[in-house]
Amino acid sequence: MLPDFLKPSYKRYKDDTDHFAFWLVNIAKKCGLQPDSATQKNSNTETPGKAKSKGKPVESKYVATTSELLNIGQAIANSAVRVPASILALGKRAIKLRKDVTSHFWGKGDIASNKRHAHFISVLENICEALEWQKATEASSKNKPPVDHDKDVDTQAWLNRFAALTVEELQDVPESIADASEIMKVEVVEDDDVADEAADAYLSHHFFMIFCLLYDLQNWRTFISQTWTEYRDLKIDLMTASIITDNAVQLAQTLIKEVVDSWPRKLPGDDLEIQRILYATACLAHGVDELVSPSLTFNIKLADFADWCYLPTATLLQSFIPVFQDNSVPVYKPGYFGTYDPKADRANMSVVERFNEDKLILMELLPEFCVMDMFHIRMPVSDKITSGFVEFIHDKKPTLWLSFAAQILLDTHHTMRSSRLGAFGDLRMSGLRIARTIEDFWKLSETHPKPKFWPQAGDDEIKRIRQCIETFIEKDPLLVVRQTLARELSYQKQDYPDHFVFSRNPVLCGLIMTHLNLSMQTVGQLLVNQWYDVQQMAFLYNLVQQSSSKLVWPDIEMFIKIHGENRIFIGDRPKDAAQSLNRLEMVTGISSATRFARDSRQGRVGFHNPDKNWNAARLLEPTTKVVNLFRDQYMAGININAISSANVEKLLNDLSDEAKTTANKSKKGGKKGELPLSSNSQLLLERKWSRTHNIGPLQLLALIKSKLCEEEPVILFNYFGMHKRSIEILRLIKAKEHHKFVQYFTPHYMPNDSMISNLVILVHHVARGSAQAGGLIGLGTDGKMVVSRIVVSCGDVMEDYLKKNGDAACKELRIFCKNKTQLKTLEEGSDRQNKEMDKQFGYWFSLEEAMGPAWIASIMTGIPVA
């Protein structure tokens with residue numbers, strides 16, 4: 001069931017009209033304006049044997065015709081009652097929605113033939129105009145131009161305005177009614193002279209519900225197409241576009257099921273029959289014949305309406321049903337329905353050409369889903385469109401939802417047809433990046449003993465990720481199955497395209513990319529938490545910066561910004577060695593008082609192990625609030641509905657608190673290590689949610705899309721690379737200052753390289769001791785910090801190393817991130833080099849530096865790296 005907080009068009013329309021009539025009748029009752037002809041009855045009938053509860057409001061129902069509502073509205077307009085602006089907004093919104101919804105059935109502006117519909121709209125418009133006249137002064141009303149109610153607002157403009165909707169909701173209005181002891185509910189009925197049910201059966205309650213459903217689906221379809229256009233134009237990333245599409249399709253499935261389940265039993269309950277009835281009624285209303293040409297399944301004159309109710313896609317799916325045979329796999333003969341031309345301009349195609357192209361794409365793709373189902377090929381994560389097609393193979397029902405999902409797949413494919421690399425190109429590039437990262441990690445792991453603190457589950461997860469890339473990206477499991485079948489069954493050899501499903505389904509590519517990146521983020525944070533090397537390097541970097549402001553490490557600055565100074569340093573950045581050591585001991589659980597005292601039982605040899613009572617409160621956690629909603633769904637593969645009331649409420653509350661915190665900090669001058677995450681549209685949605693706890697589906701999807709796009713650089717941040725560079729820096733420091741560590745902490749100061757991250761603690765001890773000794777001889781009395789020699793030495797080592805490797809993570813993000821704006825926010829304050837470099841040369845130069853020559857050759861040739 002669709003969550004209650006989401007308001008589709010029909011629910012919003014019912015709420016608006018019921019509340020509008022509710023206010024009119026109750027205000028009329030208060031003013032003594034109730035018509036004599038009205039029928040009133042109590043809805044709370046007292047049950048025999050039960051006493052009437054005291055103080056409980058007596059609910060009564062008022063049955064009024066549309067003409068009586070008009071009389072009530074005119075009477076209120078002539079009275080002294082002040083009309084709230086929110087009431088007028090509700091009435092106007094109901095008018096606009098009913099016009100927009102039914103215009104798809106009757107055609108733009110052609111509603112005069114619908115007497116019943118036109119009468120109801122006319123009544124609402126007259127009431128609103130009368131109430132507006134009461135609000136306006138006589139002078140301003142004469143100069144005010146007439147309102148054009150028939151003006152058609154284009155869909156794109158509506159989509160750009162929906163986020164700013166601030167209409168007061170239902171709970172605000174009853175406060176304007178003085179006496180709440182008697183609540184009167186209102187039921188609106190049509191006037192007898194226009195309510196001809198036999199003639200206008202298609203405008204009944206259930207048909208209007210279907211119209212609203214198709215209206216919502218059309219808006220969602222437009223929104224999804226716009227989303228993929230943004231991806232094609234490099235404005236958003238593939239993960240964001242795929243997550244938005246998959247959840248929109250999932251919400252559509254729930255909404256369609258609710259509407260279809262409410263369809264009367266006396267009418268056909270099959271989804272395709274509903275679409276056929278709508279199409280046949282539209283043909284009757286427009287006076288055209290249902291007969292179709294041999295190449296189409298609908299009348300070309302009603303092509304737009306047929307497309308609006310997804311009839312062409314449904315008939316194509318139905319035509320494939322006879323192909324399904326038990327224990328067999330359909331084989332598509334290449335070129336049977338023609339050859340797909342990605343360079344063709346679809347906008348200039350005729351209706352027949354577009355229909356044939358859709359047929360070609362679906363007929364080529366459906367056999368692939370049969371292979372996936374029969375041979376139990378399970379993707380790392382499945383999108384709703386793929387799972388819907390697999391289910392279609394078994395139940396053979398071309399439902400309205402499946403028709404919508406198939407149309408979304410076709411729209412996405414058409415939008416991406418002019419893309420140079422396509423979605424699978426991005427997926428393959430991402431897979432090669434992750435494979436390179438894992439290979440480097442395995443090489444590093446061979447240079448030190450396996451740490452006792454590193455769980456076997458971590459190695460298993462890394463191997464699983466690498467195997468996933470090899471199975472689904474470097475190879476094509478469906479192609480392997482088809483080639484094996486052709487060889488064993490002696491079929492005629494056919495040239496099957498490589499990764500055909502991925503090339504036709506960008507949503508699946510994006511969700512697999514999401515799965516891989518989230519898995520790498522999770523295991524990468526586990527790696528950094530267990531080693532605790534990057535966090536300690538942040539302390540050392542900060543300590544060196546206190547002595548010299550020349551040291552710049554863009555990667556560690558981004559790392560601190562992602563997780564926040566409070567998480568890394570337990571507050572602001574430490575100001576001296578003593579404060580830094582105190583904070584470092586708190587986050588690592590290694591206490592100087594118990595480890596480095598002369599009478600310590602544990603001794604200096606075991607100082608690497610945390611205290612027994614240490615808690616892991618400062619371990620890194622994912623900071624991607626919106627992505628975390630979908631983590632279980634797309635990383636763990638759990639089939640859940642992430643958009644639930646509890647999840648959305650928590651998300652909006654967290655974003656609201658974060659926006660308030662960021663605003664307060666910006667008023668105080670801002671903070672260096674924080675990320676500003678707020679926008680005007682987001683604040684509007686948060687305000688609406690906190691007031692009404694209702695939000696439109698498109699409003700929610702738009703918010704999630706913008707936040708997902710912002711979180712892309714955080715998801716792609718390379719924790720494995722940071723771990724590698726931290727180990728390399730610490731090894732250089734150890735090699736340079738080994739004699740001093742032996743002098744201060746005995747030759748047993750470092751059991752093996754798996755404990756090398758704790759070298760930072762030893763440096764802090766020496767730095768604090770130097771500061772204390774300097775204080776005893778009078779140094780530092782002028783406010784200047786006493787700098788230890790070993791800190792200066794560490795700074796020299798880091799400066800030399802970071803000249804080449806200090807922005808490796810940032811370079812990688814500049815190459816692979818689509819959201820450059822948020823990336824620039826993360827990089828703010830870092831030293832950006834080569835600003836004048838040619839863009840294309842800089843891209844490929846940085847790409848080769850990040851990936852390596854062998855991996856670049858693999859990208860260009862398609863041959864996997866040996």
Side-chain angles (χ1 to χ4, degrees), residues 1-3 5-13 96-97 100-101 103-105 153-163 165 209-231 236 240-260 271 274-275 278 304-314 383-385 387-388 399-416 505-507 510-511 630 641-643 648 681 685 694-706 708:
M1 184 176 181
L2 200 68
F5 65 87
L6 291 178
K7 289 287 185 181
S9 296
Y10 183 74
K11 287 184 179 179
R12 190 179 64 201
Y13 171 80
K96 181 183 183 303
L97 179 62
D100 289 346
V101 168
S103 66
H104 287 278
F105 184 85
V153 180
D154 113 322
T155 306
Q156 186 61 42
W158 183 86
L159 287 172
N160 292 334
R161 291 201 308 268
F162 66 84
L165 190 60
M209 186 186 299
I210 290 289
F211 290 161
C212 288
L213 168 65
L214 294 174
Y215 176 78
D216 284 335
L217 294 181
Q218 181 64 29
N219 288 329
W220 294 7
R221 179 183 171 186
T222 303
F223 177 77
I224 294 171
S225 296
Q226 180 184 359
T227 299
W228 285 99
T229 301
E230 293 173 357
Y231 165 69
I236 64 174
T240 297
S242 299
I243 291 175
I244 290 299
T245 303
D246 192 55
N247 282 272
V249 172
Q250 187 172 355
L251 290 175
Q253 184 180 27
T254 306
L255 179 59
I256 290 172
K257 186 177 184 305
E258 286 186 16
V259 175
V260 172
D271 294 315
I274 294 176
Q275 293 165 266
L278 291 175
D304 290 339
F305 180 80
D307 181 70
W308 186 63
C309 63
Y310 307 100
L311 183 63
T313 311
D383 61 306
K384 292 298 294 183
I385 297 176
S387 59
T399 62
L400 175 58
W401 172 78
L402 185 62
S403 303
F404 171 76
Q407 189 62 58
I408 292 297
L409 180 63
L410 292 171
D411 291 345
T412 304
H413 184 73
H414 297 323
T415 303
M416 294 296 300
N505 190 354
V507 180
L511 294 187
F630 310 100
N641 184 10
I643 301 182
V648 172
S681 59
L685 287 176
N694 287 326
I695 188 171
L698 282 181
Q699 290 175 321
L700 179 61
L701 291 174
L703 174 64
I704 292 176
K705 181 172 74 172
S706 64
L708 282 175

Would you find a donor on one side and an acceptor on the other, under 3.5 Å apart, between the side chain of [X] and the backbone of [Y]?
| X | Y | answer |
| --- | --- | --- |
| Q275 | C309 | yes |
| D216 | S9 | yes |
| S387 | K384 | yes |

Check against side chain to side chain contact (heavy atoms under 4.5 Å, CB included), L251 and L700: CA-CA 11 Å; L251 290 175; L700 179 61; 5.6 Å; no
Considering only heavy atoms from C-beta outward, does the side chain of [X] approach that of [Y] to under 4.5 Å?
| X | Y | value |
| --- | --- | --- |
| L217 | I256 | yes |
| Y310 | Q218 | yes |
| L278 | I210 | yes |

For D246 and Q250: C-alpha separation, side-chain torsions, deciding distance, then whether side-chain hydrogen bond (donor to acceptor under 3.5 Å, both in side chains) applies. CA-CA 6 Å; D246 192 55; Q250 187 172 355; over 6 Å; no
Aromatic ring proximity, centroids under 6.0 angstrom, W220 and F223: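 No, the ring of F223 stays outside the 6.0 Å limit from the ring of W220, centre to centre.
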Would a line drawn from the ring center of W401 to the ring center of F404 be shorter than 6.0 Å?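 Aromatic pair excluded; centres sit 6.0 Å or further apart.
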Once the angle between the rings of F305 and W308 is folded into 0 to 90°, is it parallel (under 30°), tilted (30 to 60°) or perpendicular (over 60°)?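 Rings of F305 and W308: tilted, as their planes differ by 30° to 60°.
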With rounding to the nearest 0.5 Å, note down the distance linking [atom1] in [X] to [atom2] in [Y].
| X | Y | atom1 | atom2 | result |
| --- | --- | --- | --- | --- |
| L311 | Q407 | CG | CD | 11.0 Å |
| T412 | N505 | OG1 | CG | 8.0 Å |
| L409 | T245 | CG | OG1 | 10.5 Å |
| N219 | L698 | CG | CG | 6.0 Å |
| L410 | I385 | CG | CD1 | 9.5 Å |

Restricting to non-hydrogen atoms, name the atom on [X] and the atom on [Y] that form the minimum distance, rounded to 0.1 Å.
| X | Y | value |
| --- | --- | --- |
| D411 | S225 | CB-OG, 3.9 Å |
| A314 | S403 | CB-OG, 3.2 Å |
| A306 | P312 | O-CD, 3.1 Å |
| A405 | V249 | CB-CG1, 4.2 Å |
| T227 | I236 | O-CD1, 3.3 Å |

Please evaluate residues K11 and E258 with respect to the criterion side chain to side chain contact (heavy atoms under 4.5 Å, CB included), reporting the C-alpha separation (whole Å), side-chain torsions for both, the decisive distance (0.1 Å), and the verdict. CA-CA 12 Å; K11 287 184 179 179; E258 286 186 16; 4.0 Å; yes
Criterion side chain to side chain contact (heavy atoms under 4.5 Å, CB included) on L213 and L400, from CA distance to verdict: CA-CA 11 Å; L213 168 65; L400 175 58; 3.9 Å; yes
Should the pair R221-D307 be classified as a salt bridge under the 4.0 Å nitrogen-to-oxygen rule?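 The answer is yes: the pair qualifies as a salt bridge.
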Begin from the C-alpha positions of T240 and Y231 and carry the test side chain to side chain contact (heavy atoms under 4.5 Å, CB included) through to its verdict. CA-CA 9 Å; T240 297; Y231 165 69; over 6 Å; no
